[in-house]
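Below you'll find the structure, written out as structure tokens, and then a few comments.
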Amino acid sequence: MKFFVDTADVTEIRDLVATGLIDGVTTNPSLVAKTGRDFFEVLKEICGLVDGPVSAEVTAVEFQRMVDEGRKLAELSENIAVKVPLTWDGLKACRTLSQAGTMVNVTLCFSANQALLAAKAGASFVSPFIGRLDDQGHDGLQLIEDILEIYDNYEDIRTEVLVASVRHVTHVLQAAKLGADICTIPPSVLRQLAQHVLTDRGLAAFLADWEKTGQTILDRKNG
Ligand code: E4P
């Protein structure tokens, strides 16, 4: 499963990209607003840090304006994936942009039928928001299972399932167990993936015992 980081914070992205574990970035208007920075500057910086797809969302709601905004965003870098909302106009814009060779991420997906439409519209990615479904008392991961099952039925569907609105590490684990293509993960949750109390405790014990030996590895001459 590919890991995207779900943030527009360039400092966070730089730090996480240095791990070599990040395959792409997703942003949205709320995440950009949180930075207080210029959208285009932020996008250019992110695209310079990451080789994989960087999702940048249009803010128009009408078809032609979405396409115009999408083209403008796509001009910034070849790894921009234009994000459009899952509306009729968004689906039409997805079709137009995809046919012109632009990667499109259809966002705000909350049902399997919507995901089927995104695939038919030629989306590179569909983003089902699992945390927001859970918040409403629904089962976000069941939606991922349903979409994967439907997409699996049709060889011609190339759309990747990008699990979004991830709230905790269990979401990531379950998405991987289901075989989702991508999970976009907030930086705090990404960092938590590496944490385990027994790892910390085990390391502390090893280091304490090593200290008693009085030895060092780097000062030692091989041979
Ligand atoms: C995905 O691309 C979105 O940016 C994101 O996952 C939304 O998550 P939220 O529900 O935490 O806002």
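Atoms considered below: every heavy atom in the structure, side chains included; atoms not considered: hydrogens, waters and symmetry mates. Note that ligands are numbered from 1 as they come in the structure, with each ligand's atoms numbered from 1 the same way. Heads up: numbering here begins at 1 and tracks the sequence.
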Practice task
Among all protein heavy atoms, pick out the one at the shortest distance from atom 4 (O) of ligand 1; state its residue, atom name and that distance to 0.1 Å.
Solution key: Asn28 ND2, 2.7 Å

Problem - Polar contact flag for Thr184 and ligand 1 (N/O pairs, less than 3.5 Å) - result: no

Handout entry: Which of the ligand 1 atoms, numbered from 1, are nearer than 4.0 Å to a heavy atom of Ala164
Key = 1 (C), 6 (O)

Handout entry: Short N-O contact, Arg191 and Asp15, less than 4.0 angstrom
Key = yes

Handout entry: Between CG on residue Leu190 and CD1 on residue Ile185, distance to nearest 0.5 Å
Key = 4.5 Å

Completion exercise
Which of Thr184, Asn105, Thr26 passes side chain to side chain donor-acceptor pair (under 3.5 Å) with Ser55? Answer is Asn105

Problem - Arg201 and Thr199: side chain donor to acceptor below 3.5 Å - result: no

Practice task
May I ask you to identify, for Ser127, whether its side chain, its backbone, both or neither come under 4.0 Å of ligand 1 on a heavy-atom basis?
Solution key: neither

Practice task
Ignoring hydrogens and angles, state whether a donor on the side chain of Gln64 or Asp68 is under 3.5 Å from an acceptor on the partner side chain.
Solution key: yes

Exercise for the section: Under 4.0 Å from a heavy atom of Lys83: give me the atoms of ligand 1 that qualify, with their elements. Expected result: 1 (C), 2 (O), 3 (C), 4 (O)

Exercise for the section: Work out whether the distance between some heavy atom of Thr107 and some atom of ligand 1 is less than 4.0 Å. Expected result: no

Completion exercise
Given the options Ile130, Asp135, Asp134, Val189, Arg167 meets side-chain contact (heavy atoms from CB on, under 4.5 Å) only with Asp135

Handout entry: Minimum heavy-atom distance Leu86-Ala115, with the two atoms named
Key = CD1-N, 4.4 Å

Completion exercise
The closest protein heavy-atom partner of atom 12 (O) of ligand 1 is Arg132 NH2, 2.8 Å

Handout entry: Short side-chain donor-acceptor distance under 3.5 Å, Asp89 and Thr87
Key = no

Exercise for the section: Give the residue and atom name of whichever protein heavy atom lies nearest to atom 7 (C) of ligand 1, and the separation in Å to one decimal. Expected result: Phe129 CE2, 3.5 Å

Handout entry: Close-contact set for ligand 1 against Arg167 heavy atoms, below 4.0 Å
Key = 9 (P), 10 (O), 11 (O)

Practice task
With heavy atoms of Ser165 as the reference, note each atom of ligand 1 found under 4.0 Å away.
Solution key: 5 (C), 6 (O), 8 (O), 9 (P), 10 (O)

Handout entry: Nearest-contact summary for atom 5 (C) of ligand 1 - protein heavy atom, Å
Key = Asp6 OD2, 2.9 Å

